[in-house]
Protein chains: 2
Amino acid sequence: MAERTSHRAAPEHTHPDDVPVLAALAALADPVRIQLVRELAGSPEWSRSCGGFDVPVGKAALSHHFAVLRGAGLVEQRDAGPKRVNRLRRAEFDARFPGLLALVLRAEPADGI
Amino acid sequence: MAERTSHRAAPEHTHPDDVPVLAALAALADPVRIQLVRELAGSPEWSRSCGGFDVPVGKAALSHHFAVLRGAGLVEQRDAGPKRVNRLRRAEFDARFPGLLALVLRAEPADGI
DNA sequence: CCGAGTGTTCGATGAAAACCATACACTCCC
DNA sequence: GGGAGTGTATGGTTTTCATCGAACACTCGG
């Protein structure tokens, strides 16, 4: 049959084209998720597992944040052994919401978030 | 002294340059405020008073939403007689967050917000 | 097969935000 | 000055969301 090696349910993804603006904005209007997106943008694709982020929340909340980012078409996930590795959907998301990712990724003038 | 005609406290404004990205995103991540911004964008400047919006909330909540929009550098308000008229800070906001307003103002592909 | 590592799900808790109804302040016009 | 129109402030309710702890699945290596 399929050449699937994992017996685990694949994570549900939403393509950026199916994401309303409101959902995209709401997904990015959170300091933890902004940090995740930024760190993800500074790393090669598929190089970061969910647990490998320096974020001040427990792993339950972290899992929830990744679900939100997936639902907003911002990240794609793939199972790699026991880990789940991530990729920022730069091109696709930027095609749907031009300039939005750039706003989040650029450094802040003063400092803050 | 001053040539002020109103004895009412002028509304506090925040310039877009002083607004963190997170605050801008949070301000726009609300369906009522998105509608306000859109209606405002489709009207001449200073032509709309706060109460003149077709929005499904009471006037207390409406006043709160305008305070949020002011704090995010999105709208400017001025007293005109008993009314308080509004203006969308298009150029200034776009200079600080290029493309963000355009994303909110463009029509949605499918329908939703 | 067992144990360590990783991520998700569940239930509950706490904080933040939206909302309303009321009361108040101000401006204008009669 | 009185009254209608307009917006803000306050207090309290409801909803939403982020978070945690604990329990559960899955993968891999010994």
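All chains are named by letter (A, B, ...) in the order of the sequence lines, taking the proteins before the strands, and each is independently numbered beginning at 1.
- If you take CG of B/D30 and P of D/dC17, they are 11 Å apart, rounded to a whole angstrom.
- Rounding to the nearest 0.5 Å places OG of B/S63 at 8.0 Å from CZ of B/R84.
- If you measure from atom CZ of B/R70 to atom P of D/dT8, you get 6 Å, rounded to the nearest angstrom.
- Using a cut-off of 4.0 Å between Lys/Arg side-chain N and Asp/Glu carboxylate O, B/R70 and B/E12 are scored as not salt-bridged.
- Regarding A/L69, its CG atom lies at a distance of 15 Å from the P atom of D/dC17, rounded to whole Å.
- Distance CD (A/E12) to C1' (C/dT8): 13 Å, rounded to an integer number of Å.
- Of all the residues in residues 71-84 of chain A, A/G81, A/P82 reach under 4.0 Å from DNA chain D with at least one non-hydrogen atom.
- Linking ILVMFWY side-chain heavy atoms closer than 4.5 Å, directly or via other members, places A/V68 and A/V85 in two distinct hydrophobic clusters.
- With hydrophobic clusters built from ILVMFWY side chains whose heavy atoms lie under 4.5 angstrom apart, B/I34 shares a cluster with B/L36.
- Here the closest heavy-atom approach between residue B/V21 and residue B/R96 is recorded as N-NH2, 4.3 Å.
- Contact check on A/R87 versus A/E92 returns a salt bridge, with a Lys/Arg side-chain nitrogen under 4.0 Å from an Asp/Glu carboxylate oxygen.
- Taking a 4.0 Å limit (strictly below) on heavy-atom distances, residues 56-65 of chain B reaches DNA chain D at B/K59, B/A60, B/S63.
- Rounded to whole Å, the distance from NE2 on B/H7 to C1' on D/dT8 is 18 Å.
- Residues A/V19 and A/F97 have side chains in contact (heavy-atom distance under 4.5 Å, counting atoms from C-beta outward).
- Contact between the side-chain N/O atoms of A/R8 and the OP1/OP2 oxygens of C/dT6 is not found at any separation under 4.0 Å.
- Between A/N86 atom CG and C/dT6 atom P there is a gap of 14 Å when expressed in whole angstrom units.
- Checking each of A/E45, A/Q35, A/R89, A/R48 against A/L40 for a side chain to side chain contact (heavy atoms under 4.5 Å, CB included) leaves exactly one that passes, namely A/R48.
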